[in-house]
Amino acid sequence: MRRLRFFYRRFKFNRKKSHFLGLLFLLCLGVSIGYAFLTTTLSIDGAVNVASSRWDIHFENVEVKEGSVEATTSPTITDNTSIAFSTILNNPGDFYEFNVDLINDGTYDAKLDSIEITPT
């Protein structure tokens, strides 16, 4: 009997506890509904059109610098993205130098990361 009285006194609900438990229940319910609302799948249908955009990067204006050795084949621009030339460097200190303009006539910004020289 004593144990039952202790249990009853220990877990006896009064108005403050019942209001607190009711608010706690409502808070948990609100958080659950809010979480379910925020994690729903959002579907957006539509189309995007990009008009008049183009990629056009090419070489122009090859100019051989003075002091260079003579080229067996002068530099020529092939397919606008390659330059072909041929030269023979016989002595130490020989060099073949030319300038070329790299033109961006497209509508996209471009960045030159590297230049590839392929000897044949």
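Computed from a predicted structure; not experimentally measured.
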Pairwise distance [atom1]([X]) to [atom2]([Y]) - rounded to 0.5 angstrom:
| X | Y | atom1 | atom2 | answer |
| --- | --- | --- | --- | --- |
| D94 | N91 | CG | CG | 4.5 Å |
| S74 | Y96 | OG | OH | 5.5 Å |
| D101 | E60 | CG | CD | 7.0 Å |

For a side chain to side chain contact (heavy atoms under 4.5 Å, CB included) check, start with the C-alpha distance between D105 and H58, then their side-chain angles and the critical distance, and finish with the verdict. CA-CA 8 Å; D105 274 339; H58 59 275; 3.2 Å; yes
Side chain T73, main chain T87, donor-acceptor under 3.5 Å: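 Not a single qualifying donor-acceptor pair exists.
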Main-chain N/O of G106 paired with N104 side-chain donor or acceptor, under 3.5 Å: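 The answer is yes, because a donor-acceptor pair under 3.5 Å joins these two groups.
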Hydrophobic clusters here meaning ILVMFWY residues chained together by side-chain heavy-atom distances under 4.5 Å, can you tell me if [X] and [Y] are in one?
| X | Y | result |
| --- | --- | --- |
| F85 | I115 | yes |
| I57 | L112 | yes |
| W55 | L102 | yes |
| V64 | V100 | yes |

T107-S53 side chain donor-acceptor pair, cut-off 3.5 Å: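 Note: T107 and S53 side chains miss the donor-acceptor criterion.
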Tell me, with the steps shown, if T76 and V62 meet side chain to side chain contact (heavy atoms under 4.5 Å, CB included). CA-CA 7 Å; T76 55; V62 177; over 6 Å; no
Residue L27 excluded, over 12 heavy atoms near CG under 6.0 Å: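 Enclosed: over 12 neighbouring heavy atoms sit under 6.0 Å from CG of L27.
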Counting only heavy atoms not in F95, do more than 12 sit closer than 6.0 Å to its CZ atom?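 More than 12 within 6.0 Å, yes.
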With side chains defined as the heavy atoms from C-beta onward, is the minimum distance between I77 and F59 less than 4.5 Å?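 Of all side-chain heavy-atom pairs linking F59 with I77, at least one is under 4.5 Å.
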Side chain to side chain contact (heavy atoms under 4.5 Å, CB included) for I83 and F98? Distances and angles first, verdict last. CA-CA 11 Å; I83 300 174; F98 62 89; 4.1 Å; yes
